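The next block holds one structure in the form of structure tokens; read it before the comments.
In what follows, residues are counted from 1 in the order of the sequence shown. None of the values given here were measured: they were computed from a predicted structure.
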Amino acid sequence: MLETLRQDIQVIFARDPAARSVTEVVLFYPGLHAVWLHRVAHWLWQRKRRLLARGVSHVARAVTGIEIHPGAQIGPGFFIDHGMGTVIGETAEIGAHVTLYHNVTLGGVSWEKIKRHPTLEDHVVVGAGAQILGPIRIGAHSRVGANAVVVKDVPPGSVVSGVPGRVRGRNGDPLPEPAHEDLQHNRLPDPTMELLRELAARVVTLEGVAQALRLEDDRRMADAWVESGAHI
């Protein structure tokens, strides 16, 4: 247990340059408090102490502003930076070394008592305000941009941005070293602008083709006029 607590603190120092001391982290990091209290609530949930588990998670929500259902499964190395407004649903599954920023929702889209919340694989980073909805899977080493709304599966090593979320590969952007998380969730593609550029290039090409056809047509007309005049 002490080793687990030590790892939770080390995760914060590895991913938050604002962390200055162990005392500061232990006393004033709500993401850490939320994770620790969730471990207690999840332990109770697994042992069918459901009401008590919900009570612990309710206290955690009141203290930290982070709501994690006791049934959610969370792997090691989980870090919630700032965290206010973050909501993680009952059937959510979070892999190892995942990072969430504030106001993120891992939400459901069904009333049925089935798997209805997202699965985040290892080393996923989710930017502030992102909404990941439904029993979808976010592949390992993916980045979800701030305020993106993701409702479809995301392949590993992808970048997601926009509403609804548009998935793109990294375009040669290398994966970070295993010892470091890829926290650069500001590095996002702009699919709309890329599409406009492609359309503009296509228009230029088509205009060139049309101009060539007009010139060819004018040449043929001129040749026909000359030939007709020669017979007069």
Side-chain angles (χ1 to χ4, degrees), residues 1-109 113 115-120 122-134 138 144-150 181 183 185:
M1 176 61 73
L2 289 177
E3 181 60 28
T4 300
L5 299 180
R6 186 180 298 109
Q7 289 177 357
D8 291 336
I9 295 171
Q10 290 172 346
V11 162
I12 294 175
F13 281 104
R15 299 185 212 167
D16 185 2
R20 292 177 173 81
S21 70
V22 172
T23 302
E24 177 188 16
V25 168
V26 170
L27 292 179
F28 304 123
Y29 270 66
L32 179 65
H33 303 155
V35 170
W36 283 352
L37 288 169
H38 172 72
R39 289 218 179 94
V40 175
H42 188 65
W43 185 88
L44 292 168
W45 186 266
Q46 289 181 315
R47 285 151 182 80
K48 309 301 182 182
R49 306 292 295 275
R50 300 294 170 84
L51 188 62
L52 186 55
R54 289 303 299 265
V56 173
S57 68
H58 189 73
V59 169
R61 178 179 181 272
V63 172
T64 66
I66 300 168
E67 182 173 344
I68 307 177
H69 193 283
Q73 301 179 42
I74 297 177
F78 182 53
F79 176 44
I80 306 175
D81 199 357
H82 300 292
M84 178 62 69
T86 294
V87 177
I88 300 174
E90 176 186 5
T91 60
E93 299 176 53
I94 298 175
H97 306 292
V98 170
T99 302
L100 306 185
Y101 286 82
H102 52 280
N103 203 32
V104 167
T105 299
L106 306 184
V109 291
K113 294 182 180 296
K115 165 70 172 172
R116 60 190 185 279
H117 296 95
T119 296
L120 276 57
D122 299 348
H123 301 282
V124 169
V125 175
V126 183
Q131 312 296 302
I132 305 177
L133 306 175
I138 309 299
V144 178
N147 295 315
V149 177
V150 188
E181 299 305 310
L183 300 181
H185 54 284

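- In this structure a side-chain-to-backbone donor-acceptor pair under 3.5 Å is missing from H82 to M84.
- Here the CZ atom belonging to R20 is positioned 10.5 Å from the CZ atom belonging to F13, to the nearest 0.5 angstrom.
- Across all non-hydrogen atoms, the minimal contact from W36 to I9 is CZ2-CG1, 4.3 Å.
- For the atom pair Y101 OH and T86 OG1, the distance stands at 12.0 Å (nearest 0.5 Å).
- Of all heavy-atom pairs between G145 and A130, the closest is O-CB, 3.7 Å.
- In this structure, E67 contributes its side chain and G65 its backbone to no donor-acceptor pair below 3.5 Å.
- For V25 against A19, the heavy-atom pair with the smallest separation is CG2-CB, 3.9 Å.
- A heavy-atom distance below 4.5 Å is not found between the side chains of R54 and H58.
- H33 pairs by the ring-ring contact (aromatic ring centres under 6.0 Å, His included) definition with nothing, not counting sequence neighbours.
- With D122 contributing its side chain and A96 its backbone, the two residues share a donor-acceptor pair below 3.5 Å.
- Residue F78 holds its CZ atom at 13.0 Å from NE2 of H97, rounded to the nearest 0.5 Å.
- Annotation: side chain of I80 is in contact with side chain of I68 (closest heavy-atom distance under 4.5 Å).
- A18 pairs by the side-chain contact (heavy atoms from CB on, under 4.5 Å) definition with D16, Y29, not counting sequence neighbours.
- Nearest heavy atom pair, residue I66 against residue G83, reads CG1-O, 3.1 Å.
- Remark: A53 pairs with L44, W45, P70 by the side-chain contact (heavy atoms from CB on, under 4.5 Å) rule, at least two apart or across chains.
- In this structure, CD1 in I88 is found 11.5 Å from OG in S57, a value given to the nearest 0.5 Å.
- Atom CG of N103 and atom CG of N147 lie 8.0 Å apart (nearest 0.5 Å).
- Judged by distance alone, with hydrogens and angles left aside, the side-chain atoms of T91 form a donor-acceptor pair with the main-chain N or O of R116 at under 3.5 Å.
- Among L120, V125, T105, the single residue meeting the side chain to side chain contact (heavy atoms under 4.5 Å, CB included) criterion with L100 is L120.
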Could you give me the CA-CA distance, side-chain angles and deciding distance for D8 and I12, then say whether side-chain contact (heavy atoms from CB on, under 4.5 Å) is met? CA-CA 7 Å; D8 291 336; I12 294 175; over 6 Å; no

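- At most 12 non-hydrogen atoms from other residues, nucleotides or ligands lie less than 6.0 angstrom from CG of L51.
- K115 contributes a side-chain N or O that, together with a main-chain N or O of H117, makes up a donor-acceptor pair within less than 3.5 Å.
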The test is side-chain contact (heavy atoms from CB on, under 4.5 Å); show your working for I132 and V126 and say whether it passes. CA-CA 9 Å; I132 305 177; V126 183; 3.9 Å; yes

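- Listed for the R39 side chain is no donor-acceptor partner under 3.5 Å among the backbone atoms of V35.
- In this structure a side-chain-to-backbone donor-acceptor pair under 3.5 Å is present from H38 to A72.
- Annotation for F28 and P30: closest pair O-CD, 3.3 Å, computed over non-hydrogen atoms.
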